[in-house]
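A quick write-up on the structure given underneath.
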Amino acid sequence: MHEPAMSTASATKPTGKRSQVRWLMVVLVALATAIAYIDRANLSVASDSMQQELQFSDELKGIMLSSFFWTYAIFQLPGGWLMDRYGPRALYAIAVVWWSLGTAATALTRGFAGVIGCRLALGVGEAPVQSANARVVSEWFPRKERAFASSIFDTGSEFGSALSVPLVTLLIALVGWRGSFVVTGALGLVWVVVWLLVYRSPRRQKWANQAEIDYIEQGGGRTEEKELDEGGKQPMKWRDLFRYSTTWALVAGYTCRGVIIYFFITWYPDFLVNQQGFSLLELGLFGAIPGLAAMVANWVGGLFSDWLVRRGTPLAMARKIPLVIGMLGASTIALASIAPNPVWALVFLTVSYCSAAVSTGALLSLPADVAPTPRNVASLTGVQNFGSQLGGIIGPIVIGFLLGTGQFAYVWPLVFAGAMCVLGAFFYAFVVKVKPLDEQRPMFG
């Protein structure tokens, strides 16, 4: 439930040198995001071992890799609404416990249907993650730090994706593919204990002094307590969010981006092993390079967007410049399909993943930038992230069936991914409007 406003109590906190508790909060959600991505990427690394034991085709493998996104996509919408309704502290903890148990349960499966069931459960549990992260950042950070803070928590996705390759490879070697799911599932339960001990909203967190709270709120931090103190307006009804073209463009743009991001979580190990001839050892040693490089690019993109805000660039341009540049750069994934050797293939993949990462900070700041009130931020994030999961559903299936045709191996799958990036750049450049929805002209109604 919502934490009560404590404007009078917060005034008793000591002032002076500003505390830096907000960075601890974003590190916590970054760790949760990393664990989430390790748990969802575990399957892509373990899938070859599972395929040998459970005996399923490449077409079924594509469906299995996609299945997580079915429930993950559907539950984005209620997940965001619930996050706005009850707040991130309790709901985040419940979500992590749920998905951790779903991950560990994969070790008990005896066939294709069992794996699908566990992946569907995992999708339900992980659905509120991005909404919770965006809500935490909108509460704890001023506008001029929001893109970088968003980059930090999203770095968890690159870190988790990159770490999953060597970590799960090592676990499979030590305890088998079943044991790897048990170990990775246990990570989230440890995180929950720390989260419940540490996380509070800014005015209720005893480690944050008044100087930091003032810095956050005066800089545009979207705390409910602040808006209540100022006689803030009521949140827009959930259904009314869909009256605006910007909402639909957020979904469409993120769908396009989701195709390429989830390529690196699903078919990427298969591309390196079966198309480029990487051994399992080489996959473990070199497969993490694009993800690790993308972590740095993610921070660069967030810092760049915030730097533009600080120097007086209109907020819309400060968000759209890294978004459009990043999406266009990500289309270079198509070149990996015709690379002359594995080294160049890895170079093109790294450039593509880094370019997509450059867009992340600005992209994840958009829900807070366009939300009419703080209690619409998580809902809009859930709606936006629904688009990403549509890309996660569409991409693995389309790639699986294009591979199944046996024509030109990975050429058409990667051309398809590159074309989706160009389409996404169009939506962000020409359709998204970076200002509160209630200041925009609705499409209808």
Side-chain angles (χ1 to χ4, degrees), residues 17-23 25-27 29-30 133-155 158 202 208 211-223 226-227 230 246 249-250 253-254 257 293-330 351 354-372 374 377 380-381 384 424-440:
K17 184 177 180 181
R18 188 169 63 232
S19 57
Q20 302 293 328
V21 179
R22 64 194 183 282
W23 300 108
M25 299 306 169
V26 80
V27 167
V29 297
N133 293 347
R135 177 69 180 270
V136 169
V137 167
S138 71
E139 287 187 348
W140 273 95
F141 285 86
R143 190 177 294 109
K144 64 184 179 182
E145 292 180 348
R146 195 175 290 156
F148 181 52
S150 298
S151 296
I152 291 176
F153 79 65
D154 194 70
T155 298
E158 283 96 16
E212 183 174 19
I213 293 171
D214 291 343
Y215 175 74
I216 293 167
E217 294 186 347
Q218 293 170 11
R222 307 202 68 175
T223 62
K226 176 193 173 187
E227 298 220 354
E230 297 174 352
T246 289
L250 293 179
Y254 219 176
R257 186 177 182 273
M295 290 171 58
V296 178
N298 198 336
W299 287 32
V300 170
L303 286 169
F304 178 54
S305 181
D306 285 342
W307 174 78
L308 290 174
V309 173
R310 285 194 297 271
R311 72 187 297 268
T313 303
L315 186 62
M317 294 302 296
R319 300 304 188 220
K320 289 190 176 191
I321 289 172
L323 268 171
V324 174
I325 291 174
M327 291 297 293
L328 291 176
V351 170
C354 287
S355 297
V358 164
S359 71
T360 302
L363 187 153
L364 295 177
S365 298
L366 290 177
D369 293 334
V370 306
V377 173
L380 272 171
T381 303
Q384 175 178 259
F426 168 82
F427 285 116
Y428 289 123
F430 300 110
V431 186
V432 169
K433 298 178 179 65
V434 188
K435 60 182 179 180
L437 292 181
D438 55 354
E439 298 177 14
Q440 300 182 28

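Keep in mind that this is a model prediction, so the values were computed, not measured.
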So CH2 of W140 and CD of E145: to nearest 0.5 Å the spacing works out to 12.5 Å
I want to check a possible cation-pi pair here: R146 against F141, using under 6.0 Å from ring centre and within 45° of the ring axis as the test. no
Assess whether side chain to side chain contact (heavy atoms under 4.5 Å, CB included) is satisfied between F304 and V358, documenting all intermediate values. CA-CA 9 Å; F304 178 54; V358 164; 5.9 Å; no
Side-chain contact test, heavy atoms from C-beta onward, threshold under 4.5 Å: evaluate it for M317 versus V434 and give yes or no. no
Distance only, no hydrogens: is a donor on one side chain within 3.5 Å (strictly under) of an acceptor on the other, for R257 and S359? yes
Correct closest heavy-atom pair for V309 and A318 would be CG2-CB, 3.6 Å
Got a salt bridge between D369 and K433, using NZ or NE/NH1/NH2 to carboxylate O under 4.0 Å? no
Has R18 got a side-chain atom pairing as donor or acceptor with Y215's backbone, closer than 3.5 angstrom? no
Is the side chain of K320 donor-acceptor paired with the backbone N or O of A429 at a distance under 3.5 Å, no angle test? yes
Nearest atoms (heavy-atom pairs only) where S150 meets V137: OG-CG1, 3.9 Å
Is there a donor-acceptor contact under 3.5 Å from the side chain of S19 to the main chain of E212? no
Keeping the roles fixed (side chain from S355, backbone from V351), state whether a donor-acceptor pair exists under 3.5 Å. yes
Distance-only, no hydrogens or angles: does the D306 side chain make a donor-acceptor pair with backbone N or O of A147 under 3.5 Å? yes
Distance check, rounded to the nearest 0.5 Å: R135 atom CZ versus L380 atom CG? 12.5 Å
Identify the heavy atoms of I213 and P202 that sit nearest to each other, and give their distance. CD1-O, 3.6 Å
Give the intermediate values and the outcome of side chain to side chain contact (heavy atoms under 4.5 Å, CB included) for residues R319 and V432. CA-CA 10 Å; R319 300 304 188 220; V432 169; over 6 Å; no
Heavy-atom closest contact (G301 atom, P322 atom, distance): O-CB, 4.5 Å
What distance separates S138 OG from L364 CG, expressed to the nearest 0.5 Å? 12.0 Å
Determine the interplanar angle of the F426 and F430 rings, folded into 0 to 90°, and report it as parallel if under 30°, tilted if 30 to 60°, perpendicular if over 60°. tilted
Measuring from D154:CG to M295:CE, what's the distance to the nearest 0.5 Å? 10.5 Å
So which heavy atom on V431 is nearest to which on A249, and how close? CG1-CB, 3.4 Å
Restricting to non-hydrogen atoms, name the atom on A134 and the atom on V377 that form the minimum distance, rounded to 0.1 Å. O-CG1, 4.0 Å
Taking I325 as the fixed residue, which of I321, L323, L328 is the one that meets the side-chain contact (heavy atoms from CB on, under 4.5 Å) rule? I321
Checking S151 side chain against N298 main chain: does a donor-acceptor pair fall under 3.5 Å? yes
Given W23 and I152, is the side chain to side chain contact (heavy atoms under 4.5 Å, CB included) satisfied, shown in steps? CA-CA 9 Å; W23 300 108; I152 291 176; 3.6 Å; yes
Say you draw a straight line from CG of L366 to OH of Y428; how long is it, rounded to the nearest 0.5 Å? 7.0 Å
Quick check for you: to the nearest 0.5 Å, what is the distance between T381 atom OG1 and N133 atom CG? 9.0 Å
